[in-house]
Amino acid sequence: MKKQLLVLLTVILIGFGVNAQVKPSETNVLVLVHSQNGGTYKMAKAMAEGIQEYPNVKATIKRVASINPKEKLNADVEKLPIATIEELTNYDGIAFGSPVHFANISADMNYFFSKSIPLWTSRALEGKPATVFMSAGSGAGKEAAILSFWNILASHGMVIVPTGIMGTATLDKSVPQGNTPFGATSLAGSVGTRPSVSELNLAKEQGKALARVASGLKNAENVKEGKTTSVESKGSIDINQTLKDNNIVLPEAPKPVGNYVPYTISDHKVYINQVALKEGKILNPGKVGATVTEEQAKEATYQTMLNVIAVLKEACGGDLNKVKQCVQLTGYFNTTPEYTQHAGIMNSASNLTALVFGEKGKHARATIGAVSLPINSAVEIQAIFEIE
């Protein structure tokens, strides 16, 4: 009887063990396009189809905003949600699609990336896999255009996934096709229906390749994070080394210019307020939406958060490893009354905090518009940190 109970108990425990296995988290891949007449969008759909054929990978198709709001878009393209530059960090991999304009990417896609300076300075896209596909009217300049796109991705430190000779075994060689070793393209002005079946198949294979890399890197990162967590529990993660590894140089903590202190500590909480002061002057002063562009506002926000961390280091006696948690960040922005993109600007501060402090940098957040701010700063940040 005891032996039978032991066998039954063993079976139950094994069953629990099987059910308790953690499924790998879903890999999310963005397919981001600029498409006017719909050809590049058709390639994007094939790309997304290939991505989702890889196990446990989800594809999302979005478009960049048009520079010209009066530009007439294909009806299906117009329905696509518009992506923001900040949300690129939310995905595990990205496929970029653009028409070929004079052997280069389109002006609309180029303008989208012109807003990526905060992502570049915080190295937020570094190590993220990316691939490129394009559509060319005459076919001329398609390879040069993809390589020019690669220059942008390489500057961000992204992992570029090329196509090589994938898909060529089933290529219809009786008509011209947009196959390149760098990425799939469509010869939009060539004979027959475009994108052709072969071109769509190439895009699909390219999507599978991106999904494979994105999934592999994410799973490897999950293992790495698991190891890091055990190390962190032993207290061996050095924030100062993180700053060094990411080339982040903290400024000298700004000094008070009135009857107040740069920080206060109460019940292991540090309270800090800072503006966009750099080398004794306000960086990009003025009103967002009027005299200050969004890019300038993001730069000022990044500088303000650097000032906050510099003051925090002073509050920790020079040792940022004493930080247990970023509790709350509140961003105040000097904007015009109709301005609504405060959250996008504040991401510059949030991304920097997460980069420096890792899991400890995840925080609650608020963003508030203001009629004016002290000394004409475009931004002011109030921060609350918990320290040892």
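Predicted model, so just to flag it, every value in this text is computed and none were measured. What you see below is based on every heavy atom in this structure, not just the backbone, and it leaves out hydrogens, waters and symmetry mates.
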Between atom [atom1] of [X] and atom [atom2] of [Y], what is the distance when rounded to the nearest 0.5 Å?
{"X": "Lys298", "Y": "Ile117", "atom1": "NZ", "atom2": "CD1", "result": "9.5 Å"}
{"X": "Ile85", "Y": "Leu119", "atom1": "CD1", "atom2": "CG", "result": "5.5 Å"}
{"X": "Ile309", "Y": "Gln274", "atom1": "CD1", "atom2": "CD", "result": "11.5 Å"}
{"X": "Leu320", "Y": "Lys313", "atom1": "CG", "atom2": "NZ", "result": "6.0 Å"}

ask   = Are Lys208 and Glu205 within salt-bridge range, i.e. N to O under 4.0 Å?
value =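 A salt bridge links Lys208 with Glu205.
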Residues Lys42 and Glu199 bridged, charged N to O under 4.0 Å =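 No.
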Can you check whether [X] reaches [Y] side chain to side chain, under 4.5 Å on heavy atoms?
{"X": "Val379", "Y": "Ile345", "value": "no"}
{"X": "Phe333", "Y": "Gln341", "value": "no"}
{"X": "Ile239", "Y": "Phe357", "value": "yes"}
{"X": "Asn307", "Y": "Pro251", "value": "yes"}
{"X": "Phe149", "Y": "Phe182", "value": "no"}
{"X": "Asp319", "Y": "Asn240", "value": "yes"}
{"X": "Arg63", "Y": "Val33", "value": "yes"}
{"X": "Asn376", "Y": "Ile282", "value": "no"}

request  = Could you label the plane-to-plane angle of the His34 and His101 rings as parallel, tilted or perpendicular, counting under 30° as parallel and over 60° as perpendicular?
outcome  =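 Because their plane-to-plane angle is over 60°, the rings of His34 and His101 count as perpendicular.
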Around [X], counting heavy atoms of other residues, nucleotides and ligands shown, do more than 12 lie under 6.0 Å from its [atom1]?
{"X": "Ile82", "atom1": "CD1", "answer": "yes"}
{"X": "Glu252", "atom1": "CD", "answer": "no"}
{"X": "Lys58", "atom1": "NZ", "answer": "no"}
{"X": "Ile384", "atom1": "CD1", "answer": "yes"}
{"X": "Lys269", "atom1": "NZ", "answer": "yes"}

query = With a 3.5 Å cut-off and no angle check, do the side chains of His156 and Ser116 form a donor-acceptor pair?
reply =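 Side chains of His156 and Ser116: pair found under 3.5 Å.
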message = Could you tell me if Asn334 and Lys287 have a donor-acceptor pair between their side chains, going purely by distance under 3.5 Å?
response =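 A pair is found: one side chain offers a donor N or O, the other an acceptor, under 3.5 Å apart.
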request  = Enumerate the residue pairs fulfilling salt bridge (charged side-chain N to carboxylate O under 4.0 Å, His left out) with a member in residues 92-106, sequence neighbours excluded, ordered by first and then second residue.
outcome  =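 Output for this query lists Asp92-Lys218.
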request  = Would you check if the side chain of Gln206 reaches a backbone N or O of Thr163 as a donor-acceptor pair within less than 3.5 Å?
outcome  =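 Absent.
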key: The single option from Leu153, Val213, Ile160, Val161 passing side-chain contact (heavy atoms from CB on, under 4.5 Å) against Thr131   =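 Answer after filtering Leu153, Val213, Ile160, Val161: Val161.
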request  = Give a yes or no on whether the ring-centroid distance for Phe112 and Phe96 is below 6.0 angstrom.
outcome  =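 No, they do not, as the ring centres are separated by 6.0 Å or more.
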task = Enumerate the residue pairs fulfilling side-chain hydrogen bond (donor to acceptor under 3.5 Å, both in side chains) with a member in residues 276-286, sequence neighbours excluded, ordered by first and then second residue.
result =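 Residue pairs passing side-chain hydrogen bond (donor to acceptor under 3.5 Å, both in side chains), neighbours aside: Asn284-Glu299.
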